[in-house]
> 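Here you go, one structure.
Convention: sequence-line order gives letters A, B, ...; per-chain numbering from 1.
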2 protein chains.
Amino acid sequence: MQNLLRSYQLFSEAEIESLGPFLRSRRLEKGDYLIKAGKICTEIAFVQSGLLRSYYTKDDGDEITYCFTFENTLMTAYSSLITGLPSSENIQALVPTELWVLQKRDLEALAQRSINWILLQKHLAEQQYVELEKRIFSYQKEKASERYRELLLAQPHYLQQIPLQYLASYLGITRRHLSRIRREMLERAN
Amino acid sequence: MQNLLRSYQLFSEAEIESLGPFLRSRRLEKGDYLIKAGKICTEIAFVQSGLLRSYYTKDDGDEITYCFTFENTLMTAYSSLITGLPSSENIQALVPTELWVLQKRDLEALAQRSINWILLQKHLAEQQYVELEKRIFSYQKEKASERYRELLLAQPHYLQQIPLQYLASYLGITRRHLSRIRREMLERAN
DNA sequence: CGATTTAGAGGACATTTGTCCCAAAAGCTT
DNA sequence: AAGCTTTTGGGACAAATGTCCTCTAAATCG
């Protein structure tokens with residue numbers, strides 16, 4: 001996590017070390033939850049190793065994958081963390097996952113002492129926005145097969161670990177259709 | 001604009017007034033642009049009256065509407081403002097529009113003097129994120145007719161001013177299909 | 001290891017959405 | 001008012017995507 005913070009070029013080495021006492025190590029087994037829908041999210045997790053999936057549930061009970069989080073990135077039920085409202089997301093480990101967890105209240109305490117922790121939050125929110133905007137664009141202008149193709153390009157090998165049904169709802173389609181898309185890509189490759 | 005700032009409960013009255021000298025009034029006629037794709041966006045606009053549309057262009061030349069901005073809200077080519085990269089968005093007035101424009105560099109100067117201007121930026125980024133997340137959800141789980149129905153509910157009368165072709169690409173569909181959806185809603189209403 | 005669950009491919013058919021048109025209506029310009 | 005341009009609605013057909021279901025292979029678990 002410290003390396004991630006360094007990459008933002010906001011912090012002195014002393015500040016980065018001051019974070020240490022607030023980080024709690026946590027291990028999730030496959031299928032364990034970081035947060036469940038209905039709870040208010042009060043923490044931010046850094047994925048040291050492993051893989052997380054965030055999903056929510058439709059009225060008819062179907063699960064829809066909102067996003068995945070790979071190694072060396074941050075994860076939280078961000079809307080709930082921001083608004084203080086109950087989360088609609090469930091965050092679950094797809095494989096055994098090692099985390100460093102920071103409590104929101106500790107981050108706020110740090111922010112009282114150095115403005116850089118506020119700048120960090122601003123920066124993260126902006127980054128997340130830019131990511132989502134790209135995703136909106138892809139929903140607006142691409143058909144599902146193109147969205148899948150781009151996902152394959154962007155996440156070379158991580159995707160191997162993800163069941164196709166999760167990828168399908170992430171892309172906004174059914175597993176049946178993703179199966180079709182994959183077959184067409186194979187046929188075209190030969 | 002001052003009322004909008006008050007609503008965030010971040011600023012003293014003095015701080016809000018300190019913004020005044022940096023605001024430039026600007027009027028756009030119907031069809032005029034606030035920013036064009038390819039330029040780097042360096043300003044934030046408050047829509048005093050009127051209506052803006054942001055759109056980008058597909059490779060095949062089709063225009064896709066990214067969002068609309070109604071009265072009493074802020075608008076900018078946000079990704080470009082954040083990243084400093086050229087904008088992929090065009091922002092255009094759909095009707096005669098009165099703006100107050102703030103330069104990014106002036107906001108940064110204010111932020112040097114009071115941390116509250118940084119907190120404002122953090123808050124705005126977070127708000128924008130939450131909005132986009134909702135939109136992703138609607139693309140993932142609803143069909144176009146439901147997205148249109150919800151849009152009608154959320155934006156009661158503003159929508160009257162917006163040509164249907166713009167609404168269609170905002171919803172991620174063609175105008176042919178939006179026409180069908182509208183007809184079905186009419187038939188069901190009788 | 002065998003039994004049970006879960007993931008994946010795909011057939012058959014239904015629904016949604018797109019493409020390519022054209023014509024009427026509405027808005028703008030001179 | 002006449003003549004543009006833009007907007008809207010919709011027919012006919014094609015493509016994309018969903019639903020329901022079945023079969024098989026792979027993963028999991030006791």
> Ring-plane angle category for B:Y8 and B:H123, please: parallel below 30°, perpendicular beyond 60°, tilted otherwise.
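Perpendicular, since the angle between the ring planes exceeds 60°.
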> Do A:D32 and A:Q92 have side-chain N/O donor and acceptor atoms under 3.5 Å apart?
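No donor-acceptor contact under 3.5 Å links the two side chains.
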> Do A:E133 and B:S79 have side-chain N/O donor and acceptor atoms under 3.5 Å apart?
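B:S79 and A:E133 do have a side-chain donor-acceptor pair below 3.5 Å.
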> Apply side-chain contact (heavy atoms from CB on, under 4.5 Å) to residues A:Q2 and A:L23 and explain how you reach the verdict.
CA-CA 11 Å; A:Q2 281 75 7; A:L23 293 178; 3.9 Å; yes
> Name the orientation class of the two ring planes belonging to B:F137 and A:Y66 (parallel below 30°, tilted from 30 to 60°, perpendicular beyond 60°).
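Rings of B:F137 and A:Y66: perpendicular, as their planes differ by over 60°.
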> Is B:G172 touching bases, backbone alone, or none of the nucleic acid, heavy atoms closer than 4.0 Å?
sugar-phosphate
> Check whether any side-chain nitrogen or oxygen of B:K143 sits under 4.0 Å from OP1 or OP2 of D:dT17, and answer yes or no.
no
> Reckon B:R175 touches a base, only the sugar-phosphate, or nothing at all at heavy-atom distances under 4.0 Å?
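Counting heavy atoms under 4.0 Å across all strands, the contact made by B:R175 includes a base.
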> How long is the span from the OG atom in A:S18 to the CG atom in A:L110, to the nearest 0.5 Å?
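Here the interatomic distance stands at 5.5 Å.
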> Answer with base, sugar-phosphate or nothing: what part of the nucleic acid does B:R180 contact at a heavy-atom distance below 4.0 Å?
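If one applies the 4.0 Å heavy-atom cut-off, B:R180 turns out to touch a base.
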> Give a yes/no verdict on a cation-pi contact between A:R53 and A:F68, requiring under 6.0 Å between NZ or CZ and the six-membered ring centre and an angle within 45° of the axis.
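No - A:R53 does not lie over the ring of A:F68 by the 6.0 Å and 45° rule.
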> Check this for me: does the side-chain of A:R176 come within 3.5 Å of the base of C:dG11 through a donor and an acceptor?
yes
> What is the separation between atom CD on A:E146 and atom C1' on D:dA16, rounded to the nearest whole Å?
12 Å
> Nearest whole Å is fine: how far is C:dT16 P from B:I173 CD1?
13 Å
> Would you kindly compare B:L178 and A:R183 by the position of their nearest DNA chain C nucleotide and give the one closer to the 5′ end?
A:R183
> Expressed in angstrom and rounded to an integer, what is the separation of A:E184 atom CD from C:dG10 atom P?
11 Å
> What parts of residues 159-169 of chain A reach DNA chain D, counting only heavy atoms under 4.0 Å away?
none
> Would you kindly give the OH-to-C1' distance between B:Y139 and D:dT17, to the nearest whole Å?
17 Å
> If you find the nucleotide of DNA chain D closest to B:S179 and the one closest to A:R147, which residue's nucleotide is nearer the 5' end?
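It is B:S179 whose nearest nucleotide is closer to the 5' end.
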> May I have the distance from B:E63 (atom CD) to D:dT6 (atom P), rounded to whole angstrom?
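B:E63 atom CD is separated from D:dT6 atom P by 12 Å.
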> For the residue pair A:E63 and A:T57, confirm or rule out a side-chain donor-acceptor distance under 3.5 Å.
no
> So which of B:Q48, B:E43, B:E98 actually passes side-chain contact (heavy atoms from CB on, under 4.5 Å) with B:R26?
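Of the listed residues B:Q48, B:E43, B:E98, the side-chain contact (heavy atoms from CB on, under 4.5 Å) partner of B:R26 is B:E43.
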> Please report the distance, rounded to the nearest Å, between CD1 in A:I64 and C1' in D:dG18.
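Value for this atom pair: 13 Å.
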> What is the distance, to the nearest angstrom, from the NZ atom on B:K141 to the C1' atom on D:dG18?
18 Å
> Is the NZ or CZ atom of B:R135 positioned over B:Y170's six-membered ring, under 6.0 angstrom from the centre and within 45° of the axis?
yes
> To the nearest Å, give me how far apart NE2 (B:H177) and P (D:dA15) are.
18 Å
> Using the C1' atoms of five pairs at each end, what's the angle between the two axes of the helix from C:dC1-D:dG30 to C:dT30-D:dA1, to 10 degrees?
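Comparing the axis at each end, I get an angle of 60°.
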